[in-house]
Number of protein chains: 2
Amino acid sequence: MNISTKGRYGLRAVLDIACNYQGKPVTLSAISLRQQISEGYLEQLMAPLKKAGIIVSSRGAQGGYSLARDPQHIVVGEIFRALEGPLNLAVCTSEDETTSCKKKDYCSSEGEANACRNKDCSSESEATACSKKDYCGSGYLWEEIQKAIAEVLDSHTLADLVNKETR
Amino acid sequence: MNISTKGRYGLRAVLDIACNYQGKPVTLSAISLRQQISEGYLEQLMAPLKKAGIIVSSRGAQGGYSLARDPQHIVVGEIFRALEGPLNLAVCTSEDETTSCKKKDYCSSEGEANACRNKDCSSESEATACSKKDYCGSGYLWEEIQKAIAEVLDSHTLADLVNKETR
DNA sequence: CTCATTCCTTAGTTATTTAATAGGGAATAA
DNA sequence: TTATTCCCTATTAAATAACTAAGGAATGAG
């Protein structure tokens, strides 16, 4: 269980922009140099960040990237989700929600007392309904973990991280 | 960011044993059938669980797996870590701790005010010291997330999950 | 106007990890 | 002594991650 370079580098890039903006947009090459991440790879991280409305860009000489909003109005969860996608700890791949929890085989206890709950899927995304998921006891756990992660992500702003950085 | 089948299947397997133990050890084939996980793959999950002292096994006819302790004395974090390894959200690969944070390039802010803190690495494992890590602002975030995950893992016992299951 | 600069987009490639399968071996109870 | 059951290791196929490459489009400076 880890966070991909996409998420890690991407956050560093946004932090870099936040810390190094001085009236002028910050160029990719400057970020690349400071963060020791190849420009080509950084480019790919900028696209989703831009799409998510976290950064804005301008082209041409003196161009580069700036934050779309003040750091205190950018929640870290936005950045994370833009890069890594919605939180989805347990794997829920099926598109057909109605078939959920019909197969009691997936549940680790037997007998009629065992009513598979339908919300064991911990995905944040509505699109991915569950027919193969980790049910019941384990599903509960993944959900709790996911909520804990979301809580951290959504209770910090970019400004908080900038403070940690320059302190 | 997700949890591998190793962790998910493994937890389900342990839950299965907890729920279906009735005086006799639970066989792999029974777990396989109920959980719809191949026996071959399950076998590989049993090894670390056994090594971690979570389950015990007996061979031969009527053999199988049982819990090594009562479910209320098995913390979920033990199971998780046995299967997925120590929590290690940010990647810290170097073995040489003294080189940490010497390269200011990794930090996303410039200037002398920027003292890279040495503990940004969020790894639970002592063995993996950091020379390439996500520093400062971002390192702080990964650490907070990791602590939140550990809190959930370490505040639930297997008995808690069994209750969720059979309710 | 034109040209250097900078972002933009897509395709392709390589490395790593995951998820399994396969097959023989060792212990044990009936 | 034999069917059962766990044990161990190697191999492989698929998926994902992590880049690299390369050409294009916009823009500001001169």
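All figures in this text were calculated on a predicted structure; none of them were measured in a lab. Proteins get letters first, then strands, A, B, ... in listed order; numbering begins at 1 in each.
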Q) Restricting to pairs with a member in residues 63-76 of chain A, which pass salt bridge (charged side-chain N to carboxylate O under 4.0 Å, His left out), not counting sequence neighbours? A) A:Arg69-A:Glu78

**Q.** Sidechain-backbone polar pair: A:Tyr65 side chain, A:Leu67 backbone, donor-acceptor under 3.5 Å
**A.** no

Q. How would you list all residue pairs meeting salt bridge (charged side-chain N to carboxylate O under 4.0 Å, His left out) that involve residues 37-66 of chain B, not counting sequence neighbours?
A. none

Q) Checking A:Glu84 side chain against A:Gly7 main chain: does a donor-acceptor pair fall under 3.5 Å? A) yes

**Q.** Distance in angstrom units between B:Ile37 CD1 and C:dT21 P, rounded
**A.** 12 Å

Q) Are any of the side-chain heavy atoms of B:Ile37 and B:Thr5 separated by less than 4.5 Å? A) no

(Q) Looking at A:Asn163 and A:Asp160, would you say the former's side chain and the latter's main chain have a donor-acceptor pair under 3.5 Å? (A) no

Q.
Tell me whether A:Arg12 contacts the main-chain N or O of B:Ser138 through its side chain, where contact means a donor paired with an acceptor under 3.5 Å.
A. no

Please list, pair by pair, any protein nitrogen or oxygen found under 3.5 Å from a nitrogen or oxygen in nucleotides 16-19 of chain C.
from   : atom 1 : to     : atom 2 : distance (Å)
C:dA19 : OP2    : B:Thr5 : N      : 3.0
C:dA19 : OP2    : B:Thr5 : OG1    : 2.8
C:dA19 : O5'    : B:Thr5 : OG1    : 3.3

Q | Step-by-step side chain to side chain contact (heavy atoms under 4.5 Å, CB included) determination, B:His73 to B:Thr157 | A | CA-CA 7 Å; B:His73 294 129; B:Thr157 67; over 6 Å; no

Q | Side-chain donor or acceptor of B:Ser155 paired with backbone N/O of B:Glu151 under 3.5 Å | A | yes

Quick one: which protein N/O atoms are closer than 3.5 Å to N/O atoms of nucleotides 3-7 of chain C? Pair and distance per line, please.
from  : atom 1 : to      : atom 2 : distance (Å)
C:dT6 : O4'    : A:Gly60 : O      : 3.4
C:dC7 : OP1    : A:Leu28 : N      : 2.9
C:dC7 : O3'    : A:Ser57 : OG     : 3.4
C:dC7 : O2     : A:Arg59 : NH1    : 3.3

**Q.** Terminal contacting nucleotides, 5' and 3', DNA chain D versus chain B (heavy atom, 4.0 Å)
**A.** D:dT4 to D:dC8

Q: With axes from five pairs an end, tell me the bend angle of the helix from C:dC1-D:dG30 to C:dA30-D:dT1, nearest 10°.
A: 10°

Q.
Please check this pair: side chain of A:Tyr9 against backbone of A:Leu11, looking for a donor-acceptor N/O pair closer than 3.5 Å.
A. no

